[in-house]
Structure formats: C-alpha cells, structure tokens
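The chains referred to below are lettered A, B, ... by the order of the sequence lines, with proteins before strands, and numbering in each begins at 1.
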Amino acid sequence: MLQKVALVGAGTLLGGGAVALYFRSQQQQARPASAVLSVPHSSAPSGAAVPLPHTLVTPAGRTFLSPRHAELLKYGLPNATQLQLKQNYVSLIDFRLREPLWVLEHLTKENVRGDADRANVGFTQDNDVPKPYRASNDDYAKSGYSRGHMAPASNNKTSIDAMRESFLLSSNIVPQDLDNNMFYWNRMERWVRQLVTKKGFDAVHIMSGPLFLPSRLSADGPVIDAANSTDVVPHSSTPAGASYQGTAILAPPPADVFTPPPSAPSSRQSTMIAGKPFGFVSYKTIGDSHVAVPTHLFKAVLAEKSNGDGKPPTTFFAAFIVPNTPVADHLPLKAFQVPRETLERYAGFQVYDRAFQMLPVMDLCAVQDPAAKNSREGATMCQLENATEFKLFTMERDLGKARSRDQLEKMYGQIQALAVKEGVAVPEAAKATYEAKSRQL
DNA sequence: CGGTCCCAACGT
DNA sequence: ACGTTGGGACCG
C-alpha cells in the first residue's frame, strides 16, 4: 500500500523512460540517486491526476513534505547532482559539468596494496547517469585532453571491482591535460601514497576535483578563452534522435537567443562594472555531451597520525591548486599550496570542515620530514619525489621487457649510469627486476 | 606510474 | 555489415 513510485528530476523526465530506469536501478541496488521524491502507489492510476509526493529522500535521510511543498514538487525535483558511494571512493557528480565536483578517498598502508591491475581495465561510461549528462569515451577521443582519474587507479588495487569503478567516466574522470596528468599530477599522486607507505602517517583523507577559476577581462579585448568557442553558437536545428514531446513549447528557440548582440563599445573596453573590477569564468567543453574542461585541478589532503586507542589523532592538512596545463618539473609542490579558505571560495563547497571544527589541524607543509633524503636544511613533508626518481621508475619497467641478456645488461647499465650521474642509489626495485630477469634469460 | 591508438574478436 | 569490447603495442 505504501509501495513507492519514484519521480526523479524534471530534466530526466524529459528524456523519457526515466521512471523505468529508476526502477531498474532500485532492483539492482545500484547507486542511490542523490534525492528522490516518493508518492503513494495507490493514487497513481494511469491518466489520472498527478499524485503528490509525500516525502523527499536524500542521502541524509527522509523529509516529510508539507502539502504546499508537495504541490511545488509535484512535477519532479530537478536533480542536478548524483552521489556515488563506491567501494573505495565517494564522489558527487555534477550533471551540468558532466563530471564529479569532488572525489573523496581514504588511504591506509593496507588499502594501497593489492593485485588488481589496470591492464585490461578500460574507461567506461556511467550508465546510472541520465543520458544527456553522461560523459562518453567519444567525448574524449581526439579532444586534445586525456581522461584524468581523480581517485587514481593505483589507489584502487584492492580488488578488480574497485579498479573498474575508478575508470567510470562521470564518477571519477575529468578532462585533463595529458602532460600534466602524466608528470606533475602523477608525481602528486605518488606523493600522497607515500605519506602512508613511507612517511609514517597512519591514514590520509584525500579530496580531489576540477576547478573553474575566474579571470579578469583584459583591457584590450574580450576574454581569452571565449574566443575559440565556436560551439556557443546555436542549436539551430533539432539534434538527431532527440524527441521533443509537445513540440509547441519545446521546439528550439531562435538562434539569436543564444547569440546576444555585441556588448556596447564602452563596456567592451572596460574591465570594470560600476567602478568595480569583475571576473569572467570561461572554460572549454569537449565532445557532443559538452564535458567541461576544468581550468585548474585541486587536491586536498588531511593526514592523520594516531595517538593510540581512544585518543583523537594528530591531524595535518594541505591543499593545492594546479593549472590544467603542463607544469614544469622543477616547481616545488609548495608553489601550489593555497589556504583552505581559498580553495573553499573557488570550489564552492567546504573542505573537511568537521576536522577543523573538532581538532587542531597543523600545516602539513610546515612539518619537517625526518627521513628526508636530501636533508639539506629542512625538507618538509611536502617534498615531491624527484623527477629523476620518476625516470628511474620508468626505466625499471622497461627492464622487465628485455628480450636478451645483452639488452638486459645494456638497460641496467643505463640505469646505473643515471643513478651515478644524479647521485642517488639504484632503486631496490630495479635491482630486483634485474636479478629476476637475469635468472630467466 | 600515467596515458593513446589500433586491430581483432565478438555480438547484434 | 555494423558498433562495441578487450588485448597488445606504443609513448613519456
């Protein structure tokens, strides 16, 4: 009798079949939609009056609606976000951006280990995201941007399912500059893992995501990136395959609605409105589904050091904002550190606010690292792994693919030469693969 | 470690 | 005959 019928957001209702889709995902115990209206089943005979919802179910719990609010929400709650509770991360998908606003992780020494391999796992679309807002591999293909993990694949080796979940486009992936992704961001991810594997922290909470930062209008012209926005132009024709039910109201509006007349000459030259400077947010989109390309990426870490049973841990925090462009190897991590308040202002959401309410939190980048290798006065916990160490890492991987003893010796020789040149030891891992491979050949 | 691209196998 | 999927070769 109180069996529920669900109404999902107005946007998805337009797509048609949304109710059926919700039923299917209910049966599969799939992702919880971020908010769902429910109405009594008995009052929904087909063709009859639209039943009023009586409750609003959110991840935080169930809210009973007043008659007035039930009327306001009669035709659906226009959902804009979807919470994703995965095995190994939690994220909030923003339908408008076609990507997560933030992704949360929790790393310990134990859960960064595992056998799951990223080989044979590919990027896949999130089928529980409504079609119009769902990013696809096609959107990324030949876009100039790579599919960048927020929760990295290598933080998800505990199981193959966790590994697969990390490759879901809408839940965990944003368009990222390839060079940035492979080098600087990659090194940042390795640094975070090392906080628990090498630097003695018991656990690390991580929050990562895209940012869309405002820039100022330059005095001599319009804003930089809006220039190449050929796709701001009109949906002048009906997209193929779109079904506009009730065409009279929903037919595409005239093109000039989307292309406003040029602004007055005076305001074009001005960088001020009413005497105050203004910001201008612009970002590219890629693909037919318009996946938003962030101008910047952020990563915030809250590192915990245990004080024993029952006592609260000592906590350390640092946040970083990095441009979504190639970043020079030599730049220190500290160069990108920002105060928590700055990140919160740009991001539009709070960052580990409960920790700061409950506990004293220290600046992670002000803590000296006792085990710092180059402990020339004061290496802090925010020292990135050297670019050389990273190079050695890739050379070691190639070592495992050597086909002949000659080739193996030559490659290992190169590794030793580089190590000597840079004044570092040959990595243990390289020695190990050399010996293993040596026996094999 | 982080990716791209291409082709063969597969299911419609 | 077609679009999707997965494995392998390749790159920094």
Consider the side chain of A:F183, meaning its heavy atoms from C-beta on, and name the nucleotide among B:dC1, B:dT4, C:dG12 that approaches it most closely.
C:dG12
Is the distance from OP1 or OP2 of B:dT4 to the nearest side-chain N or O of A:R147 less than 4.0 Å?
yes
Whole-Å distance separating the CG atom of A:D179 from the C1' atom of B:dT4:
14 Å
d(CG, A:N181; P, B:dG2) in whole Å
9 Å
Please tell me whether A:F201 and A:F316 form a close aromatic pair, meaning their ring centres lie under 6.0 Å apart.
yes
Please report the distance, rounded to the nearest Å, between CE in A:M182 and P in B:dC1.
13 Å
A:S146 side-chain N/O to B:dG2 phosphate OP1/OP2 under 4.0 Å:
no
Any heavy-atom pair between the side chains of A:F212 and A:L97 that's under 4.5 Å?
yes
Nearest of B:dG2, C:dG12, B:dC1 to any side-chain atom of A:P152?
B:dG2
Output yes when at least one side-chain N/O atom of A:N120 is less than 4.0 Å from OP1 or OP2 of C:dG6, else no.
no
CG of A:L392 versus P of C:dG12: gap in Å, rounded?
17 Å
Between NZ of A:K391 and C1' of C:dG12 the distance, given in whole Å, is 7 Å
In terms of the angle between their ring planes, are A:Y352 and A:F317 parallel, tilted or perpendicular, with boundaries placed at 30° and 60°?
perpendicular
Could you say whether A:A141 or A:D117 is positioned toward the 5' end of DNA chain B, judged by the nucleotide with the nearest heavy atom to each?
A:D117
Rounded to whole angstrom units, what separation is found between the OH atom of A:Y145 and the P atom of B:dG2?
21 Å
So what does A:N186 touch, heavy atoms closer than 4.0 Å: a base, only the sugar-phosphate, or nothing?
base
Using 0.5 Å steps for rounding, measure from the CD1 atom of A:I206 to the CD atom of A:E105.
4.5 Å
Heavy atoms from C-beta onward define the side chain here; which of B:dG3, C:dG12, B:dG2 lies closest to that of A:H149?
B:dG3
Let me know the distance between CZ of A:F167 and C1' of B:dC1, rounded to the nearest Å.
12 Å
Name the nucleic acid region contacted by A:R187, choosing base, sugar-phosphate or nothing; use a 4.0 angstrom heavy-atom cut-off, strictly under.
nothing
Checking the side chain of A:R147 only, and the main-chain atoms of A:N137 only, is there a donor and an acceptor separated by less than 3.5 Å?
no
Between C:dG3 (P) and A:N137 (CG): distance, integer Å:
16 Å
Heavy-atom nearest nucleotide on DNA chain B for A:K142 versus A:R118: which residue maps closer to 5'?
A:R118
